[in-house]
Amino acid sequence: MRPTRFSAADDGSATGEEELRIPSRYSRQVLFEGIGREGQARILRSRVALVGCGALGTVQASLLARAGVGTLRIIDRDFVEESNLQRQILFDEQDARDVVPKAVAAEKRLSTVNSLVRVEGLVEDLNAANVGRLLDGFDLIVDASDNFDVRFLINDYSVKNDVPWIYGACVGSYGLTFPVLPAETACLRCVFENEPEAGVSPSCETIGVIAPIVGTIASFQAAEALKILAGRLDRVNRRIASFDLWENRFRTIDLPPVDPECACCGRRCFEYLDGTRGAEAAALCGRNSVQVRRRDGARIDLQELCRRLEPLGPLVKNRHLVRATVGNCQLTVFADGRAIVTGTTDTGIAKSLYARYVGA
Ligand SMILES: [Zn+2]
């Protein structure tokens with residue numbers, strides 16, 4: 001059972017609960033009339049799950065921990081690298097040298113920022129098998145992931161269990177965010193019916209990203225989170241917000257209407273929760289390798305993939321496969337969408353590399 005549910009009608013003041021003492025460190029937030037004492041009391045009791053602790057996640061985690069959420073669970077499968085430091089604001093050079101898992105480094109840093117918040121850094125790969133264990137009992141899920149498999153899984157979980165979540169993504173100088181309020185707004189699959197085709201979407205690894213767009217999208221998500229947690233659903237932006245900070249384009253557009261034929265919120269087929277969609281990974285016995293396979297069987301345009309991976313350095317390519325070297329790993333992608341990641345036995349790392357360099 002979730003400890004706290006929020007609604008605009010419930011003002012939270014007549015529950016007979018002992019009034020919560022609000023630490024003075026939150027005085028500026030209490031003074032802000034949109035939050036006030038009641039809103040802050042709700043924030044202090046809230047439980048937020050943050051999926052991903054890279055660029056967006058470090059900014060959100062910092063903002064939400066400083067705002068005083070009760071429990072902040074940070075789920076991330078990756079470790080800190082030097083190239084993260086340009087935008088992943090919770091980490092430092094020592095974390096990169098020590099190859100510290102991001103969830104661990106974030107927990108350690110945030111515990112010095114706000115010791116009143118219960119921060120749980122979990123080094124896990126969110127997937128259909130563990131999603132209940134990792135997300136049950138939370139009031140809000142914030143997306144800071146880097147791939148659509150995880151986002152569609154969060155979306156399935158959210159709609160099925162009636163827990164709001166906030167989508168966010170950015171690449172280059174461009175970013176996009178919108179909230180999903182189950183049974184009220186369109187869900188992710190109403191907006192994007194299917195995952196983008198593998199091998200064609202740009203990613204931060206192939207076209208780069210500047211830190212200000214990360215801060216913009218993460219801040220936008222954190223603001224919506226504060227509204228939801230403070231019980232001010234009436235203030236939640238129910239539109240898609242997009243920003244291109246280099247091209248100076250800032251706009252919001254209407255979310256599509258809830259689609260009665262939507263597989264997720266309309267027909268309630270939770271294919272990502274059931275594990276019938278998305279990528280799967282299995283370690284290859286004795287080979288220091290992991291095979292990643294897409295369950296949808298989508299094929300990959302290897303020529304297009306080559307064009308995207310060429311900036312990484314020399315590729316091995318023929319009509320059957322493309323091989324790139326990424327850090328200490330080799331990524332070999334086959335036309336049938338399968339990939340073998342050599343240099344690791346960690347399925348989470350292999351899926352992460354696949355998501356970043358191949359897609360979805
Ligand atoms: Zn839907």
Side-chain angles (χ1 to χ4, degrees), residues 2 5-8 48-52 56 75 126-132 134-171 175-198 200-201 217 220-221 223-225 227-229 233-242 251-280 294-298 355 359-360:
R2 284 191 294 276
R5 293 297 294 158
F6 303 107
S7 75
V48 179
L50 180 59
V51 180
L56 291 171
I75 303 160
L126 187 75
N127 56 50
N130 63 18
V131 63
L134 295 179
L135 297 184
D136 281 357
F138 284 80
D139 305 307
L140 173 69
I141 304 164
V142 186
D143 168 35
S145 70
D146 59 1
N147 70 88
F148 270 90
D149 267 359
V150 168
R151 294 191 181 108
F152 279 113
L153 179 67
I154 294 171
N155 189 62
D156 270 8
Y157 180 90
S158 152
V159 169
K160 186 174 183 187
N161 297 286
D162 190 23
V163 181
W165 74 284
I166 304 168
Y167 170 95
C170 51
V171 63
L176 190 71
T177 174
F178 56 88
V180 174
L181 304 173
E184 190 188 328
T185 67
C187 83
L188 182 64
R189 288 191 81 175
C190 296
V191 179
F192 305 116
E193 190 180 345
N194 291 304
E195 297 176 32
E197 207 179 316
V200 297
S201 304
I217 295 297
F220 209 94
Q221 289 179 282
E224 298 311 306
K227 295 172 189 175
I228 293 170
L229 299 175
L233 284 173
D234 58 313
R235 304 305 302 158
V236 172
N237 174 50
R238 289 164 170 77
R239 291 164 68 84
I240 298 173
S242 72
R251 59 179 191 155
T252 64
I253 57 169
D254 283 336
L255 276 164
V258 174
D259 176 3
E261 286 306 307
C262 169
C264 178
C265 72
R267 294 189 277 116
R268 298 187 75 80
C269 296
F270 302 114
E271 295 166 307
Y272 289 83
L273 278 182
D274 299 341
T276 52
R277 294 279 289 258
E280 66 175 352
R294 292 169 58 85
R295 290 194 181 86
D296 61 8

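All ligand and atom numbering here is 1-based and tracks the order in the structure.
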> Yes or no on side-chain contact (heavy atoms from CB on, under 4.5 Å) for L188 and C264, after CA distance, side-chain angles and deciding distance?
Replying inline: CA-CA 9 Å; L188 182 64; C264 178; over 6 Å; no
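- Contact of the I75 side chain with the L135 side chain is registered, since non-hydrogen atoms from C-beta on lie closer than 4.5 Å.
- One finds an angle of 110° at the Zn ion (ligand 1) between SG on C190 and SG on C262, to the nearest 10 degrees.
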>> Pair F178, T185 - check side-chain contact (heavy atoms from CB on, under 4.5 Å), show working.
In response: CA-CA 10 Å; F178 56 88; T185 67; over 6 Å; no
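- The aromatic rings of F152 and F148 sit tilted relative to each other, their planes meeting at an angle between 30° and 60°.
- Using a cut-off of 2.8 Å, one finds that C264 contributes no N/O/S atom close to the Zn ion (ligand 1).
- Rounded to 10 degrees, the SG-metal-SG angle spanning C187 and C265 at the Zn ion (ligand 1) equals 120°.
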